[in-house]
Amino acid sequence: MVAAALFMEQLDATIVNTAIPSIAASFDVTPLSLKSVVSSYILSLAVGIPISGWMADRFGTRRVFSIAIIVFTIASVLCGLAVNPAMMVAARLLQGLGGAMMMPVGRLAIIRTFHKSELLGAMNFVIIPALIGPLLGPTVGGLIVHWFSWRYIFLINVPVGIIALFLVYKYMPDHVSEHKRPLDVLGLILFSSGTALLSWLLEVFGEHTLAPSTALAALGVSLGLLVAYAIHASDAQFPLLRLGLFRIRTFRISVLGGFVARMGFGGLPFLLPLLYQVGMGLPAWKSGLLMMPSAIAAMGMKLFSQRLLKRFGYRQILVVNTVCIGLTIATFSLVDSGTPLPAIVALGFMQGFFASMQFSSMNSLAYADIDAKDSSMASTMSSSFQQLSTSFGLAVGSLVAGWYLGNVVQTDRAMVTNALHHALLTLGLITAASSLLFWRLKPNDGDSISRGVVAG
């Protein structure tokens, strides 16, 4: 149930990008003016995720998760019925709030349901839709827009939401925390506004629509709000996010190491379509199909990840696998119009396998040494940083691509391809270098999850 809901949320986050031109034509506005349709969803996630853990503790995982599905489904209907940009943005804000509660609350329900020795296998099913949703989004969106109306992009969520809601009430356990903490209102205002402003800034970063002084001022304000939250949280009895959890080595390395690693390979969904369509001149549908091998590899990964982690441990897997991702990204710099399609498919398959292994390892390691009473806090903090890392990854990809593209004429495929090759090499080096962060793990870190070993 959690995997299905997360797939719906992740798919919806990216599927709308393909439909922007059609929506703009329907509303009789320019596509650029609809950027807020995408950014509003991101902002809503940044605001809603931090409070989700508190809501799950107070009202129970089943109730909050079902409310999230209801909100998301109703908002999807409103998006499909929108008659102007303002209505669409309002509906997307509501949809983002529903999506913000799905991911951390669903993950929390899994953490509280399964023993740590079973957690890796359970979370593998949740990791897969998080990977394949963004990959399938552009392809599915393009097919829907081509054959039907753009409104069906949102309306297809309705039957999925109804079925998920029925299954939640019938099968999902309801975990309510025995330790009910008051809501940290000031912390919510500081952290949510800081992350929302930072997410928005990163979302529009690559478009050069902001003056440098304005962007710098916005960055200063967002960082100031986050620093103010850190100061507030150090003195608050019941902070919104308890930063003291970062004293736990496995949690700190998983969250912060994962944040840096995603800055490297998070730009691939942005760079690869550019390479395939602009550099190689492939049509959009073929470019979308070339992203499919990664999704297939992500599904196949779960057959191997548990055995690999049990055999080698988190430290060796994360150090080596991160380097493998970096090398795979760098190898894409050899792809051009003369590269055989089977070779591109094989490379995409490798990239999907390594990326899926990385997500599975990093996300499960975060809970290796977390006590049951801190599980909701850990889930909320992990989800918040993952949301920010997604925005950072896309921003880094956009920055690196823009640096190398410079004044390159977009119609010169050879020059565009060469510039994108340099960008992919740079991202590959960043990703490979991030493996150094995982060297700080100890050989037995995460054994409670990968090998079922209880710490003495």
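If you're wondering where the values come from, they're calculated on a predicted model, not measured in any experiment. Side-chain atoms are counted along with the backbone in the values below, which use heavy atoms only and exclude waters and symmetry mates.
Side-chain atoms of His422 do not come within 3.5 Å of backbone N or O of Ser333 as any donor-acceptor pair. Counting only distance, with no hydrogens or angles, the side chain of Ser254 and the backbone of Phe251 share no donor-acceptor pair below 3.5 Å. In this structure, Ser360 contributes its side chain and Met357 its backbone to no donor-acceptor pair below 3.5 Å. With hydrogens and angles disregarded, a donor-acceptor distance shorter than 3.5 Å links the side chain of Ser44 to the backbone of Leu93. Looking only at distances, no side-chain donor or acceptor of Asp184 sits under 3.5 Å from a matching main-chain atom of Pro239. In this structure a side-chain-to-backbone donor-acceptor pair under 3.5 Å is present from Tyr229 to Leu241. Looking at Ser361, its side chain never comes within 3.5 Å of a backbone N or O of Gln358 through a donor-acceptor pair.
Residues Gln95 and Ser76 bring a donor and an acceptor atom of their side chains to less than 3.5 Å of each other. Judged purely by distance below 3.5 Å, without hydrogens or angles, the side chains of Thr417 and Asp336 never pair a donor atom with an acceptor atom.
Among residue pairs with one or both ends in residues 260-273, those qualifying as side chain to side chain donor-acceptor pair (under 3.5 Å) are Arg262-Asn363; sequence neighbours excluded.
Arg63 meets the salt bridge (charged side-chain N to carboxylate O under 4.0 Å, His left out) test with no other residue; sequence neighbours excluded. Annotation: salt bridge (charged side-chain N to carboxylate O under 4.0 Å, His left out) contacts of Arg440 (sequence neighbours excluded): none.
Here the side chains of Leu183 and Trp54 are in contact, with some heavy-atom distance below 4.5 Å.
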